[in-house]
Peer 1: 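Below: one structure in structure tokens.
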Amino acid sequence: MRYLYSLVFAMLTCFCASAQFAVKTNLLYDAATSPNLGAELGVGSKSTVNLVYGFNPWSFQSDTHGERKVKHWVLMPEYRWWTCSKFNGHFLGVHAMGGEFNASNVSLPIPGFFFSGDNITSEVKDSRYQAAFAGIGVTYGYQWILSEHWNLEAEVGVGYNHVWYDKYRCGDCGGKLKSGHSNYAGLTKLGLSIMYIF
């Protein structure tokens, strides 16, 4: 098995060495105490594929509000088409996303709406939700070349997510109130990323 991993690693190294490749972090997501890492690979003269992983493992204690949290992880693959050349200027993308969250006692100012199930945006103030989600969306973005290896990227995406949830009373040991599912339509991506291109 060790030889198989070595072979896969060697093949990926050769592939990445012959293609344009970048690593990035979304500064807006970082500012929201959610570490993240992205990788983007050129797959054609006007095409790239992008993969971003982000997570937030923390709870916050407040004297006035008690424990607050939006613990989560998300994985977001995307195909991008560039109007000029890859890693430069305007791009359009199609993205998918999936992940899980555990949130309670917070206000979520998400520009979008939930339908055919709980309105999690408003109800998470007084309840705790443990949930999984999956969805799709479209992206528009722009990259500015800062130097030979550094770019700045801005992006916004809208789309749809289906959410499967368990609802609990607030607190770690709060009793389960119900299970259900809901649908979300609205903002799915917002980013201002700094990136290094190899």
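These numbers come from a predicted model, not from an experiment. All residue numbers in this chain count up from 1 along the given sequence.
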Peer 1: Working to the nearest 0.5 Å, report the span between OG1 of Thr139 and CG of Leu190.
Peer 2: 11.0 Å
Peer 1: Are Phe133 and Trp73 connected, step by step, through hydrophobic side chains (Ile, Leu, Val, Met, Phe, Trp, Tyr) whose heavy atoms are closer than 4.5 Å?
Peer 2: no
Peer 1: Starting from Val94, can I reach Met76 by hopping between I/L/V/M/F/W/Y residues whose side chains sit under 4.5 Å apart?
Peer 2: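 Different clusters: Met76 never reaches Val94 through Ile, Leu, Val, Met, Phe, Trp or Tyr contacts under 4.5 Å.
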Peer 1: Minimum heavy-atom separation for Gly137 and Met97, please, with both atom names.
Peer 2: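 In terms of heavy atoms, the two residues are closest at N-CE, 4.2 Å.
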Peer 1: When you measure from the side chain of Asn36 to the backbone N and O of Ser34, does any donor-acceptor pair fall under 3.5 Å?
Peer 2: yes
Peer 1: Give, for atom CH2 of Trp82 and atom CD of Gln143, the distance between the pair rounded to the nearest 0.5 Å.
Peer 2: 3.5 Å
Peer 1: Can you check whether Thr121 reaches Tyr184 side chain to side chain, under 4.5 Å on heavy atoms?
Peer 2: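 Side chain of Thr121 against side chain of Tyr184, heavy atoms only: no contact under 4.5 Å found.
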Peer 1: Could you walk me through whether His181 and Phe115 pass the ring-ring contact (aromatic ring centres under 6.0 Å, His included) check?
Peer 2: CA-CA 10 Å; His181 58 89; Phe115 57 96; over 10 Å; no
Peer 1: Going by the rule salt bridge (Lys or Arg N to Asp or Glu O under 4.0 Å), which residues pair with Glu100 if we only count those two or more places apart in sequence or in a different chain?
Peer 2: none
Peer 1: If the plane angle is over 60° it's perpendicular, under 30° parallel, otherwise tilted; pick one for Tyr160 and His162.
Peer 2: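 The arrangement is tilted - the two ring planes meet at 30° to 60°.
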Peer 1: Which one of His90, Glu155, Lys189 satisfies the side chain to side chain donor-acceptor pair (under 3.5 Å) criterion with Tyr140?
Peer 2: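 Only one of His90, Glu155, Lys189 forms a side chain to side chain donor-acceptor pair (under 3.5 Å) with Tyr140, namely His90.
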Peer 1: Are Trp58 and Phe60 close enough that their ring centres sit under 6.0 Å apart?
Peer 2: no
Peer 1: Does either side chain, that of Asn50 or that of Lys24, offer a donor lying less than 3.5 Å from an acceptor on the other one?
Peer 2: yes
Peer 1: Look up atom CZ in Arg169 and atom CG in Asp126, then write down how far apart they are to the nearest 0.5 Å.
Peer 2: 13.0 Å
Peer 1: Between Glu123 and Lys125, is a salt bridge (Lys or Arg N to Asp or Glu O under 4.0 Å) present by the stated rule, with each step listed?
Peer 2: CA-CA 5 Å; Glu123 294 191 30; Lys125 294 175 188 174; over 6 Å; no
Peer 1: For Leu192, I'd like to know if atom CG has over 12 heavy atoms of other residues, nucleotides or ligands within 6.0 Å.
Peer 2: yes
Peer 1: With ring centroids as reference points, do Trp81 and Phe91 lie under 6.0 angstrom apart?
Peer 2: no
Peer 1: Side chains of Thr188 and Asn161: do they bring a donor and an acceptor to under 3.5 Å?
Peer 2: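 Short answer, no.
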Peer 1: Heavy-atom distance under 4.5 Å between the side chains of Gln20 and Ile197, does that happen here?
Peer 2: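 In contact.
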Peer 1: Is Ile194 close to Trp150 at the side-chain level, that is, under 4.5 Å between some pair of heavy atoms?
Peer 2: yes
Peer 1: Does a side-chain heavy-atom distance below 4.5 Å link Val43 with Thr48?
Peer 2: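 With C-beta onward as the side chain, the pair stays apart.
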Peer 1: Find out whether Tyr29 and Leu27 are in side-chain contact, i.e. whether some heavy atom of one side chain is under 4.5 Å from a heavy atom of the other.
Peer 2: no
Peer 1: So how far is it from Ser47 OG to Leu41 CG, rounded to the nearest 0.5 Å?
Peer 2: 11.0 Å
Peer 1: Do Arg80 and Glu40 have side chains that approach each other closer than 4.5 Å (heavy atoms only, starting at C-beta)?
Peer 2: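 Sidechains of Glu40 and Arg80: in contact.
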Peer 1: Ignoring hydrogens and geometry beyond distance, is a side-chain donor-acceptor pair present between Asn56 and His72 at under 3.5 Å?
Peer 2: no
Peer 1: Would Leu187 and Phe101 show up in the same hydrophobic cluster when neighbours are defined by side-chain heavy atoms closer than 4.5 Å?
Peer 2: yes
Peer 1: Do Lys86 and Lys46 have side-chain heavy atoms sitting under 4.5 Å apart?
Peer 2: no
Peer 1: How close do Tyr165 and Ala131 get, heavy atom to heavy atom, and via which atoms?
Peer 2: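 Closest pair (atom of Tyr165, atom of Ala131, distance): CB-CB, 3.8 Å.
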Peer 1: Once rounded to the nearest 0.5 Å, what's the spacing between atom CG of Leu108 and atom OG of Ser122?
Peer 2: 9.5 Å
Peer 1: In terms of side-chain heavy atoms, does Ser127 have a donor or acceptor partner in Tyr168 at a distance below 3.5 Å?
Peer 2: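 No - no donor-acceptor pair under 3.5 Å links their side chains.
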Peer 1: Got a sec, which hydrophobics cluster with Leu37, joining ILVMFWY side chains under 4.5 Å apart, including via others?
Peer 2: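 Members besides Leu37: none; it forms no cluster.
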Peer 1: Locate the shortest heavy-atom distance separating Val158 from His95; write the atom from each residue and the value.
Peer 2: O-CE1, 4.2 Å
Peer 1: Of all heavy-atom pairs between Trp164 and Ala134, which one has the smallest distance, and what is that distance?
Peer 2: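 Here Trp164 and Ala134 meet closest at CZ3-N, 3.9 Å.
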Peer 1: I'd like to check Phe55 versus Val74 (side-chain heavy atoms, cut-off strictly below 4.5 Å). Are they in contact?
Peer 2: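 Not in contact.
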Peer 1: Can you confirm whether the side chains of Ser104 and Glu67 place a donor and an acceptor under 3.5 Å from each other?
Peer 2: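 The answer is no; no qualifying pair exists.
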Peer 1: Do Tyr129 and Asp118 have side-chain atoms, one donor and one acceptor, less than 3.5 Å apart?
Peer 2: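 Yes, side-chain donor-acceptor contact under 3.5 Å.
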Peer 1: Rounded to the nearest 0.5 Å, what's the gap from CG on Leu152 to CE on Met195? Could you check?
Peer 2: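 Between Leu152 CG and Met195 CE, I get 9.5 Å after rounding to 0.5 Å.
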